[in-house]
Asks: 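There's a structure below that I have some questions on.
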Amino acid sequence: MTTESRKGGKSPQERIKPDMKLKKFFILLAFIAILASTNAFAAGHQLEVRHYVDEFGDSTGNGYITQGISQSGTFSNSATTNSRISWRVLVDDSDVAFIIDEYGSYRVKGSTGFPDNYTVSVKTPVGEVYRLTGHNYSDRITLSSYDAKQFRG
Amino acid sequence: MAMYDTLQIAIAENTKYSKSSYNLGTLDCTGFSTLYTSLFGEDVWEGNKAVDPDKSASKFSVSALVGYAFNGNTDNNLRVGLAASWRVFTEAGFSLDLRADVSAFTLLPGVYPAFDITAGAMCACPPIALGSTELVFSFGTTLGYGHINGEMGETYEPSISFYTVPEGGTNIFLMRFIVGAEFGLGDFSIGMDMFLEMPMYSVQDTDYWGYTYDSTDLGFNFIPSLTVKYRF
């Protein structure tokens, strides 16, 4: 039998088997890659500690909490609907601020003399909705001190 | 809020000429408390004792008050009272307290036990952070009714004339202006309420020459009080 098998070559089933294994391997590899990229994406949005920098780009040693990478969202106004934004939240022991880039690159800016007012709505998993007050004095929407406490707490 | 694992966030612009709205989606807050503690060396909740997450939206509170009423006459009196308030928060940081008070006092020790019930509204200013606590100023007014017990013929001498409490006592209608300050300390807060009270009550006056007649007396009391409040 053994000799005959060697002579006669592989059966059709035996010839297919390596291809199937290879295919399964690639499918598994693709699945792992997708899973890994998903995890990486999720991990990127997790909060981490960073430090403010001075005008030279050097760390000031003052830390804040923010996401690992900017998150995406959408915005609408009279000129556009559901266009893309990227945003970050910056939390430290005195302030909570949101930095928003419209279309991913045009930062939402305000004025020191005439700051723009915003209502920041926050919904918790249990369905509570908080309406917080924010002002944009520069390039970020900063919550009022009381609301910043509420946000942190 | 950041104590939750996730938060959904939306921002609306409130300027006159632009009304952009931003849907930020979901913020993953996992690990926030640990990061905050490692970064700032204090627990996020400890750093904000006055706004304990379970208490930040507290609406109902009860207070115990002890005060002393000065009115410039001989019937200065000690007040003890209880107050209950229901807080309505606003977006601007101010809040409205709907408040009810019950207090008991004695006009001349042991002679005229009295009580009053008042209700009204207070405006509480946005809290001022002071380290691990916060200071809240409030002001408002209450209106109410009171009753002084007494028996026919009993008199006291608050000023130049002799008052006689009518049979069955006398009713008081009063208005109070209140200015308060309180320090938040977790579930509790301690503070001081300054009452300016204007009571109006029916009495029988006996004048200098011995004539007796019904009269309505308007008083004026200044009552500094210490308060201890518990927030549910």
Side-chain angles (χ1 to χ4, degrees), chain A residues 42-43 45-49 51 62-65 67 71-80 82 85 87-89 91-94 96 98 100 102 108 110 114-126 128-134 136 141 144-153, chain B residues 1-36 38-57 89-95 125-129 134 136:
Chain A
H45 285 170
Q46 283 184 346
L47 298 174
E48 63 183 39
V49 171
H51 293 86
N62 298 322
Y64 63 93
I65 298 168
Q67 299 104 312
Q71 271 187 248
S72 295
T74 60
F75 83 104
S76 301
N77 56 28
S78 58
T80 186
N82 288 334
I85 55 168
W87 66 278
R88 277 179 186 280
V89 62
V91 182
D92 60 34
D93 57 346
S94 62
V96 174
F98 295 89
I100 299 174
E102 293 179 347
V108 177
F114 303 97
D116 294 330
N117 300 321
Y118 294 83
T119 299
V120 179
S121 302
V122 180
K123 188 174 186 179
T124 69
V126 296
E128 298 167 327
V129 177
Y130 295 85
R131 310 277 184 204
L132 312 177
T133 305
N136 194 341
I141 297 165
S144 66
S145 59
Y146 179 73
D147 287 343
K149 275 187 185 178
Q150 277 206 313
F151 187 89
R152 285 192 300 265
Chain B
M1 291 168 222
M3 65 180 175
Y4 292 105
D5 288 340
T6 58
L7 293 173
Q8 292 180 58
I9 302 172
I11 298 179
E13 189 178 9
N14 295 327
T15 55
K16 189 175 179 181
Y17 301 104
S18 179
K19 300 285 181 190
S20 292
S21 60
Y22 303 91
N23 183 357
L24 274 56
T26 302
L27 175 65
D28 183 355
C29 300
T30 308
F32 175 78
S33 177
T34 308
L35 289 172
Y36 192 93
S38 66
L39 186 57
F40 299 110
E42 60 179 353
D43 188 273
V44 64
W45 318 137
E46 286 298 316
N48 293 297
K49 280 179 180 172
V51 285
D52 183 308
D54 295 332
K55 303 291 178 184
S56 62
F89 293 94
T90 70
E91 292 180 17
F94 288 87
S95 53
C125 300
I128 300 166
E134 64 184 12
V136 178

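In this text the structure is predicted, and so the values were computed from the model without any measurement. Only this structure's heavy atoms are used, side chains among them; waters, hydrogens and symmetry mates stay out. So that the names make sense, note that chain A is the first sequence line, chain B the second, and so on, each numbered from 1.
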Asks: For each of A79(A), S121(A), S78(A), tally heavy-atom pairs with chain B at distances under 4.5 Å, and name the one with the top tally.
Replies: S121(A)
Asks: Nearest 0.5 Å, please: how far is NZ in K123(A) from OG1 in T26(B)?
Replies: 10.5 Å
Asks: Please look at S72(A) and chain B and tell me whether the side chain, the backbone, both or neither of the residue comes under 4.5 angstrom of a heavy atom of that chain.
Replies: backbone
Asks: Using non-hydrogen atoms only, which part of V108(A) is less than 4.5 Å away from chain B: side chain, backbone, both, or neither?
Replies: side chain
Asks: To the nearest 0.5 Å, what is the distance between CG (N62(A)) and CZ (F40(B))?
Replies: 8.5 Å
Asks: Working to the nearest 0.5 angstrom, can you tell me the gap between S20(B) OG and Y118(A) OH?
Replies: 7.0 Å
Asks: Between C29(B), G31(B), A10(B), which has the largest tally of heavy atom pairs under 4.5 Å with chain A?
Replies: A10(B)
Asks: Would you indicate whether the side-chain heavy atoms of I100(A) and L24(B) approach each other to under 4.5 Å?
Replies: yes
Asks: Taking the side chain as every heavy atom from C-beta outward, state whether W87(A) and I11(B) have any pair of such atoms under 4.5 Å apart.
Replies: no
Asks: Once rounded to the nearest 0.5 Å, what's the spacing between atom CG of L7(B) and atom CD of E128(A)?
Replies: 10.5 Å
Asks: OH of Y22(B) to CD of E102(A): how many Å apart, nearest 0.5 Å?
Replies: 3.5 Å
Asks: Indicate yes or no: at least one non-hydrogen side-chain atom of Q71(A) is less than 4.5 angstrom from one of L27(B).
Replies: yes
Asks: With a 4.5 angstrom heavy-atom cut-off, is it the side chain or the backbone of V89(A) that approaches chain B, or both, or neither?
Replies: side chain
Asks: Go through the atoms of D92(A) and report whether side chain, backbone, both or neither lie under 4.5 Å from a heavy atom of chain B.
Replies: both
Asks: Nearest 0.5 angstrom please: I65(A) CD1 to Y36(B) OH, how far?
Replies: 7.5 Å
Asks: Under a 4.5 Å heavy-atom cut-off, does chain B meet the side chain of F98(A), its backbone, both or neither?
Replies: side chain
Asks: Are the side chains of N23(B) and N82(A) in touch, meaning some heavy atoms are under 4.5 Å apart?
Replies: no
